Amino acid sequence: MPQKSLPRALERTLAPLDNTRLANLCGPLDENLRQIETALDVVVTRRNDRFSVQGAAAQAALDILEEFYRRAGAPLSVDDIQLGLIELGQGAARRADHADIPAGGPQLMTRKSELHGRTPRQVEYLRQIQACDITFGIGPAGTGKTYLAVASAVDALERDQAERIILTRPAVEAGERLGFLPGDLAQKVDPYLRPLYDALYDLMGFERVTRLHEKGALEIAPLAFMRGRTLNHAFIILDEAQNTTPEQMKMFLTRIGIGAKAVVTGDPSQIDLGRGQKSGLMDAVEILSDVRGIALIRFQKEDVVRHPLVARIVDAYENRDRKG
């Protein structure tokens, strides 16, 4: 049986020659090149400043290598490469589809001064959060739905646009229920809320989060704790909303009071409700899609801002589901 021929390799010399830039581009043990290979499914080899790339995306990979070489006046970390790949890998095509969206979008006031939208949908998400009282962000893992929502909440608090931040999640995960977990109520719900704490610590620091929590300006609680309340002048985030029931979603949305802003995030592909139960997130999207003042952003696998393999994992699962 004849072997399948590989695509012809493309070559490019990076100029002007600068050994420091080359070292910064390649990273320790060529780790940065390996990240580019993984993200674009290509094979990169080099001899000094001459790079050879083989694969369907060889031309795009060479363009990306040249752009990273331009940026390599200082060492490039793996994070620099991975975030840069999000912006550069398919950036031209995405910008063509969203030509009216400015690059980067709103700048948020957090301790991470460089924080901004990395993809056109992320930029639009941040814009809609600022413009609308209720914003739905739905899509696969790693697209920044929760992190950017928490960053927007921190920004609103820092600018005195909100008096407090309220973060909530339904306590339903992977078929488990609170009654099966050890410990008191606080210990039972803590694992469900940990991702929200992690985002806050990253954006504000542990000490400031602790102070805000003690002052009552920050609340993180299971969704059930929202019943019967009216939430005024607050920035409220409902995370993992795909695991709400329609009744819970209606309860949450009707808690929103004067001067409040709400963001609802979820991944329709990861619903952990019992068999036959309808997701409150999907129900709300159907009912509220035409309601003025409510924004809906649908993230795609192209918006994944994690390890380059995550986007390809999401793609593989989607392909399997389409075939099934």
Side-chain angles (χ1 to χ4, degrees), residues 10 12 14 18-92 94 103-104 107-108 110-123 139-148 150-151 194-195 197-206 299-317:
L10 301 181
R12 186 175 301 178
L14 300 183
D18 184 327
N19 289 324
T20 299
R21 283 182 180 273
L22 282 172
N24 291 340
L25 168 63
C26 296
L29 302 176
D30 286 347
E31 174 61 23
N32 292 345
L33 299 185
R34 302 292 81 81
Q35 293 293 325
I36 294 171
E37 287 181 326
T38 298
L40 300 180
D41 196 18
V42 296
V43 176
V44 178
T45 57
R46 77 177 183 99
R47 175 167 294 188
N48 297 324
D49 59 342
R50 187 157 188 81
F51 286 75
S52 175
V53 181
Q54 194 169 31
Q59 185 63 54
L62 286 173
D63 292 342
I64 286 171
L65 284 166
E66 192 158 40
E67 173 60 23
F68 279 132
Y69 185 66
R70 186 185 66 79
R71 301 181 183 187
L76 297 175
S77 67
V78 170
D79 285 353
D80 293 330
I81 296 295
Q82 291 186 357
L83 292 173
L85 283 166
I86 297 299
E87 296 175 330
L88 299 172
Q90 298 177 9
R94 289 201 299 269
Q107 297 295 308
L108 303 179
T110 73
R111 74 172 188 168
K112 299 177 77 70
S113 59
E114 77 284 3
L115 182 64
H116 61 273
R118 299 280 178 176
T119 73
R121 289 188 192 89
Q122 287 188 349
V123 172
T143 51
K145 305 181 300 295
T146 300
Y147 192 84
L148 291 176
V150 174
R194 181 53 51 188
Y197 281 107
D198 290 342
L200 282 169
Y201 293 152
D202 192 39
L203 293 164
M204 303 180 77
F206 179 82
F299 292 98
Q300 306 296 330
K301 63 180 182 295
E302 293 85 3
D303 300 296
V304 170
V305 185
R306 286 188 181 171
H307 191 286
L309 274 176
V310 174
R312 289 165 62 188
I313 290 169
V314 171
D315 195 24
Y317 274 96

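Not measured: the values here are computed from a predicted model. Numbers for residues simply follow the sequence, beginning at 1.
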(message) Do Cys26 and Phe68 make a side-chain contact, defined as non-hydrogen atoms from C-beta onward lying under 4.5 Å apart?
(response) no
(message) So, using side-chain contact (heavy atoms from CB on, under 4.5 Å) as the criterion, who are the partners of Gln300 when residues are at least two apart?
(response) Arg121, Arg298, Glu302, Asp303
(message) So Val150 and Thr146, do their side chains get closer than 4.5 Å, heavy atoms only?
(response) yes
(message) Return the CG to CD1 distance between Leu62 and Ile36, rounded to the nearest 0.5 Å.
(response) 10.0 Å
(message) Treating Asp30 as the side-chain partner and Leu33 as the backbone partner, does any N or O pair qualify as donor plus acceptor under 3.5 Å?
(response) no
(request) Please determine which of Leu76, Leu25, Ile64 meets the side chain to side chain contact (heavy atoms under 4.5 Å, CB included) test together with Tyr69. (result) Leu25
(message) Which residues pass the side-chain contact (heavy atoms from CB on, under 4.5 Å) test with Ala61, not counting sequence neighbours?
(response) Leu40, Val42, Val53
(request) Using the test ring-ring contact (aromatic ring centres under 6.0 Å, His included), find all partners of Phe299 that sit at least two apart in sequence or belong to another chain. (result) Tyr125
(message) Please check this pair: side chain of Thr143 against backbone of Gly139, looking for a donor-acceptor N/O pair closer than 3.5 Å.
(response) no
(request) Could I get the full list of salt bridge (charged side-chain N to carboxylate O under 4.0 Å, His left out) partners for Asp80, not counting sequence neighbours? (result) none
(request) Kindly compute the distance separating OG1 (Thr110) from CE (Met204), expressed to the nearest 0.5 Å. (result) 9.5 Å
(request) Identify, with sequence neighbours excluded, every residue that meets salt bridge (charged side-chain N to carboxylate O under 4.0 Å, His left out) alongside Asp198. (result) none
(request) For the residue pair Gln122 and Leu148, establish whether any side-chain heavy-atom pair is separated by less than 4.5 Å. (result) yes
(request) Hey, could you give me each pair passing salt bridge (charged side-chain N to carboxylate O under 4.0 Å, His left out) that has a residue in residues 45-61? Not counting sequence neighbours. (result) Glu11-Arg50
(request) Please identify each residue that fulfils side chain to side chain donor-acceptor pair (under 3.5 Å) with Arg12, with sequence neighbours left out. (result) Asp63, Glu66
(message) I'd like to check the side-chain contact (heavy atoms from CB on, under 4.5 Å) partners of Asn48; sequence neighbours left out, ordered by chain and number.
(response) none
(message) Measuring from atom CG of Leu203 to atom CG of Leu108, what distance do you get when rounded to the nearest 0.5 angstrom?
(response) 9.0 Å
(message) Is the shortest side-chain heavy-atom distance between Val44 and Phe51 below 4.5 Å?
(response) yes
(request) Under the side chain to side chain donor-acceptor pair (under 3.5 Å) rule, collect the residues that match up with Tyr147, sequence neighbours excluded. (result) Asp202
(message) Going by the rule salt bridge (charged side-chain N to carboxylate O under 4.0 Å, His left out), which residues pair with Glu31 if we only count those two or more places apart in sequence or in a different chain?
(response) none
(request) Without swapping roles, check the side chain of Lys301 against the backbone of Pro140 for a donor-acceptor pair under 3.5 Å. (result) no
(message) Just to verify, what does Phe206 make a ring-ring contact (aromatic ring centres under 6.0 Å, His included) with, not counting sequence neighbours?
(response) Tyr201
(request) Measure the CZ-CG distance between Arg70 and Leu14 for me, rounded to the nearest 0.5 Å. (result) 13.0 Å
